[in-house]
Amino acid sequence: MPELPEVETVRRTLAPAVGAKVSALWSSGLPLHMKRPLDVDALRRASVGASIEGVRRLGKYLLIDFSRRSDSVLVHLGMTGRLRLVRASEPRGAHTHVVWTLSGGRELRFSDPRRFGQVGVASRGAEREHPALRRLGVDPLAGELTGALLHLHALARRTQLKTLLLDQSIIAGIGNIYASEALWRAEISPTLRSYRLSRERADRLARAVVAVLRRALTKGGTSLRDFVDADGLEGNNAGYLSVYAREGEPCPRCKAAIRRKVIQGRATFYCPRCQRV
DNA sequence: AGACAAACCTGTCTGC
DNA sequence: TGCAGACAGGTTTGTC
């Protein structure tokens, strides 16, 4: 579900939790990401008794910082994960796996039916040494993504361009929806071999990636089924998708029928006429 | 190097 | 109505 715009939307809607003090932590005890059990003790040490100082985002990961604690809480939403700020009186839905009890009668809850998400801790100030964050590439919303950089990485690889876009060690935050959308916007075929990407098209693609992510963010993210922000609100970007999940519909640019093709095991949508190899 | 499949899980939708 | 199968926004791991 959540790619960079969705994760950033969650981060922003968690702002009202800043300053809240954590009094307790509960866990379902079920393992999350890759069947690894939650380190509940580490989570408690990092958060219980402290106040939330801020929430940061690295790629699709969220980092929650606490006062006077050397570890931050690390959250990845996986496919169906939700991080919600609710009143403690609100009923706890199924698939709730971690709950932080906050001051002011509120709770921060992590739920995830498929349990592909992650909740853990990372050393504050040395987050980048965490295995999950060590190899993250540039952040497209931080102005770090340039055509030159994208071109450099593309030249070094022979893979299909869409696969390159999904590689978090190059650009952190693009997922399956926005990979298709950015390639459509840049008018480049998802199957183009990376090393054949011209510098000019790399510039265009870099701009397209940023534009597509920025617009999605202004719409509060894309909700196709599961995504909601910390307040439980769905995003409004789904209606602005040009090709994703629109197989057979006319291309908004040239009216040719949009096609679906599996690349790297993931559904990929593109216009066969105006996206050229 | 890279393509591919499977694995981790549950829910939903489709077609018979 | 029931059931099987396909599919889902992510990441890791293993095989060829």
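Just so we're clear, the structure is a prediction, and the values are computed from it rather than from any experiment. By convention in this document, chain letters (A, B, ...) are assigned in the order of the sequence lines, proteins followed by strands, and residues within each chain are numbered from 1.
Counting any heavy atom pair closer than 4.0 Å across all strands shown, A:Gln160 reaches sugar-phosphate atoms only and no base atom. Across all strands, A:Tyr244 comes closer than 4.0 Å only to sugar-phosphate atoms, never to a base (heavy-atom distances). Nucleic acid contact for A:Ala132: none, since no nucleic acid atom lies under 4.0 Å from a heavy atom of the residue. In this structure, A:Arg266 reaches the bases: a heavy-atom distance under 4.0 Å links it to at least one base atom across the strands shown. When heavy atoms are screened at a 4.0 angstrom cut-off, A:Arg36 is found touching the sugar-phosphate backbone but no base atom. When heavy atoms are screened at a 4.0 angstrom cut-off, A:Gly265 is found touching no nucleic acid atom at all.
In the displayed structure, A:Arg68 atom CZ is contacted under 6.0 Å by at most 12 heavy atoms of other residues, nucleotides or ligands.
Listed nucleotides: C:dA8, C:dG10, B:dG2. Nearest to the side chain of A:Ala267: C:dA8. Which of B:dG2, C:dT12, B:dG11 sits closest to the side chain of A:Thr159 comes down to B:dG2. Of the candidates B:dC9, B:dA3, C:dA8, B:dC9 carries the atom nearest the A:Lys35 side chain, counting heavy atoms from C-beta on. Side-chain proximity of A:Pro113 to the nucleotides C:dG10, B:dA3, B:dG11 is greatest for B:dG11.
With pairs defined as Watson-Crick or G-U wobble and both atom distances under 3.5 Å, the stems of at least three pairs that touch DNA chain C come out as B:2-8 with C:10-16, B:10-16 with C:2-8.
Residue A:His76 has a polar side-chain atom (N or O) positioned under 4.0 Å from OP1 or OP2 of C:dT11. Residue A:Lys60 has a polar side-chain atom (N or O) positioned under 4.0 Å from OP1 or OP2 of C:dT11. A close approach under 4.0 Å does occur between a side-chain nitrogen or oxygen of A:Arg260 and OP1 or OP2 of C:dA8. Listed pair A:Arg114 / B:dA7 fails the phosphate criterion, with no side-chain N or O lying under 4.0 Å from OP1 or OP2. Between A:Arg115 and B:dG11 there is no side-chain polar atom (N or O) within less than 4.0 angstrom of OP1 or OP2. Note on A:His95: a side-chain N or O is less than 4.0 Å away from OP1 or OP2 of B:dG11.
In this view, A:Tyr244 and A:Phe269 satisfy the ring-ring contact (aromatic ring centres under 6.0 Å, His included) rule, not counting sequence neighbours.
Ion pair A:Glu90/A:Arg84 flagged as a salt bridge, since at least one NZ, NE, NH1 or NH2 atom sits closer than 4.0 Å to an Asp/Glu carboxylate oxygen. Between A:Arg124 and A:Glu53, at least one side-chain nitrogen of the basic residue sits less than 4.0 Å from a carboxylate oxygen of the acidic one, meeting the salt-bridge criterion. Salt-bridge check for A:Asp65 with A:Arg56: passed, with a basic side-chain N closer than 4.0 Å to an acidic carboxylate O.
Stacking here means ring centres nearer than 5.5 Å and ring planes tilted less than 30 degrees, and by that measure A:Phe116 stacks onto B:dC8.
With a 6.0 Å cutoff to the six-membered ring centre and a 45° limit on the axis angle, A:Arg106 does not count as a cation-pi contact of A:Trp100. A cation-pi arrangement is present between A:Lys219 and A:Tyr240, with the terminal nitrogen or guanidinium carbon under 6.0 Å from the aromatic centre and inside a 45° cone about the axis.
As rounded to whole Å, 9 Å separates atom P of B:dC9 from atom CE of A:Met34.
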